[in-house]
Amino acid sequence: MALIERFQKVTDVTYWEGQIPMSYIYTVGRAGEKFFREMINGKIFGAKCNQCNLIYVPPRIYCEKCFERLEENYLEVGTKGKVHTFTQCYETYDGVRKEVPSIVAVIRIDGTEGGFVHWLGEVEFKDVYFGMPVEAVFKDKKEREGSILDIKYFRPIK
Amino acid sequence: MRRVAIVGAGLTKFYRNAQETPKELAYEAARMALDSCEMKLSDIDCVVMGTAPDAFDGVHMKGEYLADGAGAYRKPYMRHFVGGGTGVLSPIHGWFHVASGMFDTCLVVAEEKMSSAYPHPAGAFLTIFDHTTEQPLYPTLIWIFAIEMNRFMTTWGYKKEDIALVAVKNKRNALDHPSAQLGAEITVQDVLNSEIMAWPVNRLDISPTSDGAAAIVLAAEHVARRVTEKPIWIDGVGWCLDTAYWCTRDLYYPDYVEVAARMAYKMAGIKEPSKEIHVAEPYDPFTYKELHHIEGLLLAPRGKSVEMLKDGYFNRDGNLPTCPSGGALGVGNPISATGLMKIIEIFLQLRGEAGKRQVPGKPTCGLAQAWGDLMQVGTVVVMRS
Amino acid sequence: MEITDKMVAKTATKLSAEDIQKGKVLSVKWTPNLKYAWDNGPALGRYLAELKNGRIIAKKCNKCHRILIPPRMFCELCWVPTGEWVYVKDTGIVNTWVISYVDWKAGRLDIKGGVRPFTPAVIEIDGATKGMGILHLLNEVDPWKIYRGMRVKAVWKPPEERIGAITDIKYFKPVE
Ligand SMILES: [Zn+2]
Ligand SMILES: [Zn+2]
């Protein structure tokens with residue numbers, strides 16, 4: 001007999017449904033604690049590696065390049081940056097069509113290495129360009145909870 | 001093949017809930033390992049990561065996520081994963097990289113952060129069972145441990161109160177381990193009186209869930225001799241997987257551990273393991289497991305491990321000390337990091353650097369072993385000074 | 001080099017579950033929204049279909065002559081395609097078992113409140129090769145009176161409730 005028997009009818013193809021019934025609570029960690037606490041204050045923090053002479057945003061406890069400790073080197077980096085690259089999204093993370101597409105960008109905070117992903121607001125997609133100066137727009141102070149969502153979006157600097 | 005030595009080691013504290021992110025834990029262990037042998041990240045040619053199911057940390061592609069914390073920035077990097085057997089597969093995986101001649105140095109890191117998983121990390125195990133024939137019965141990992149323990153006990157006539165001595169021994173040993181989560185002076189009665197989880201398993205028969213990381217530095221002989229006066233050689237490695245149809249196997253004996261052990265013994269030129277191995281770290285996620293593995297590793301005749309345990313044979317000052325670290329039961333069980341913690345314990349014991357945990361008699365040959373997947377994998381490393 | 005208390009002291013920061021849940025430290029929550037439909041394939045597809053009929057079916061390896069349950073399309077020992085389908089009995093013996101006070105997520109059962117512990121077992125099915133077991137539950141028996149080698153028989157759901165699942169067998173119970 002063949003290893004794979006041929007199905008005669010499509011109704012012979014059966015399946016079993018299931019899921020992985022887990023949920024998660026992630027602590028934000030030592031560097032994250034600094035980063036997100038400061039976010040409540042409307043500030044963005046980074047960490048400087050003096051050996052490599054660069055600033056990571058978000059901050060980290062270590063430099064991935066030289067492995068130096070950076071916990072003594074947290075510093076405020078301002079809330080302004082530039083659009084490094086961008087796109088417009090028409091679907092949610094799980095594949096559902098959005099009514100209003102959103103603009104997603106990698107924003108590099110001025111004077112720092114790397115960047116982070118966030119939304120762009122108060123701007124039309126056709127007007128976005130590489131290197132566009134943007135600034136963080138925070139939620140009202142009382143609504144902030146120490147989350148990346150404390151920044152509503154970045155908007156062009158007029 | 002080139003000779004490969006362990007030249008440095010690092011370990012975080014093990015906690016039920018650590019604040020650090022998985023990356024941060026990996027960094028702390030990796031950094032300590034490099035510092036211990038005065039090496040810099042630039043001295044490392046490649047990085048190997050051992051970490052168990054993504055479902056624990058809750059990070060899919062956990063290996064990739066952990067890479068920078070493990071020192072793998074722009075380096076050749078590989079992640080491996082065989083459930084609880086992962087931590088002892090880690091040095092084997094690194095050994096390949098160096099023994100092959102491909103790399104002179106390898107940083108080996110193992111990390112697990114189980115506290116992220118809710119309602120309980122045990123839930124992640126539901127989905128290791130066959131999704132159609134077993135999962136609908138809602139099995140737990142504790143069930144299959146208990147089911148195996150029962151078979152083991154019934155076969156040899158072992159008693160629960162005797163097996164409980166493993167918890168007494170390991171938790172006591174862990175009092176001397178700086179990373180330990182659950183070091184304690186307890187009695188056999190404490191174990192028997194602790195909450196029944198799934199008979200014959202009581203709460204104190206089980207290792208805790210933990211957050212933690214461990215790391216070692218491997219080096220080829222010419223590098224090892226330069227960086228340390230006390231290299232510890234990886235002289236034998238073995239690993240093996242049994243069928244995933246676990247109900248088909250006779251659970252009283254871990255054949256797959258024996259196959260892995262024989263592979264490692266042959267490579268290390270060991271003829272009589274019970275005489276030639278001076279100190280061992282068999283995997284002890286549950287009390288009976290240490291004995292089950294001691295028999296599978298041929299360190300005790302089948303059906304005799306309990307008698308030897310009662311005689312103190314496996315105590316720190318016994319003929320063959322097992323789990324002098326305190327093991328998973330005492331130090332804690334951040335799955336993959338536990339296996340590598342065991343490797344580190346043998347490394348320290350053979351260097352005479354285990355401090356208060358040092359076993360007497362200047363051991364020169366030791367073994368660490370781990371076990372996992374669906375009760376089916378054995379991983380074994382034999383080390384010599 | 002010894003690994004000392006001082007060296008490990010700052011490697012990790014101890015928290016309690018409450019520290020996290022009550023927000024002493026910041027955290028992020030996530031529940032993965034993932035579901036799966038696993039194709040049964042020919043072997044398990046037939047196995048489940050026969051369970052719906054109230055029968056247990058196995059498959060034979062023509063090389064090692066084992067009668068394999070659950071049925072599979074290849075023999076994992078001989079590494080060859082398996083041969084004919086073989087009906088086996090819905091009786092068997094207990095190979096090993098456990099008395100569980102916890103559920104799948106380590107939640108405690110209310111044993112003191114009268115909840116019966118789970119008694120899962122590996123059951124060697126009559127008609128399959130000796131030692132071939134499946135995981136299932138035992139019931140209608142005092143958990144503390146289960147023994148190795150106890151003869152048991154499947155208790156089926158009524159035909160109209162069966163859906164083609166391993167749970168079409170409610171549990172196994174002792175028989176004389
Ligand atoms: Zn740097
Ligand atoms: Zn066969």
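Lettering of chains follows the sequences in order, A, B, ..., and the numbering in each one begins at 1. Reckoned from all heavy atoms, side chains included, excluding hydrogens, waters and symmetry mates.
- In this structure, the side chains of A:E33 and C:V25 come closer than 4.5 Å at one or more pairs of heavy atoms.
- In this structure, chain A has heavy atoms under 4.5 Å from both the backbone and the side chain of C:D39.
- Applying the 6.0 Å contact sphere to CD of C:E160 captures more than 12 heavy atoms from other residues, nucleotides or ligands.
- Annotation: the span from A:T27 atom OG1 to C:K24 atom NZ amounts to 12.5 Å, rounded to 0.5 Å.
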Under 3.5 Å, sequence neighbours excluded: what are the donor-acceptor pairs made by side chains of residues 42-58 of chain A?
unit_1, atom_1, unit_2, atom_2, d
A:Y56, OH, A:E64, N, 3.4

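- No part of A:S147 comes within reach of chain C, as not one of its non-hydrogen atoms sits under 4.5 angstrom from that chain.
- Within 6.0 Å of atom NZ in A:K80, 12 or fewer heavy atoms from other residues, nucleotides or ligands are found, so the atom counts as exposed in its surroundings.
- Proximity to chain C (any heavy atom under 4.5 Å) is shown, for A:R37, by both the backbone and the side chain.
- Residue C:L44 does not touch chain A at all, counting heavy-atom pairs closer than 4.5 Å.
- A:F116 CZ: more than 12 foreign heavy atoms inside a 6.0 Å radius.
- Counting heavy atoms of neighbouring residues, nucleotides and ligands inside a 6.0 Å radius, atom CH2 of C:W79 does not exceed 12 of them.
- In this structure, chain A has heavy atoms under 4.5 Å from both the backbone and the side chain of C:L26.
- Within a 6.0 Å sphere centred on NZ of C:K145, heavy atoms belonging to other residues, nucleotides or ligands number 12 at most.
- Of the atoms belonging to C:A165, heavy atoms from both backbone and side chain fall under 4.5 Å from chain A.
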Legend entry - Steps toward side-chain contact (heavy atoms from CB on, under 4.5 Å) verdict (C:L34, A:I20): CA-CA 7 Å; C:L34 287 169; A:I20 299 178; over 6 Å; no

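- Rounded to the nearest 0.5 Å, atoms CD (A:E17) and OH (C:Y36) are 13.5 Å apart.
- By the 4.5 Å heavy-atom criterion applied to side chains, C:W30 and A:I25 are not counted as neighbours.
- Looking at C:T31 and A:Y24, their side chains never come closer than 4.5 Å, going by heavy atoms from C-beta outward.
- The number of heavy atoms from other shown groups lying within 6.0 Å of CD (A:E143) is above 12.
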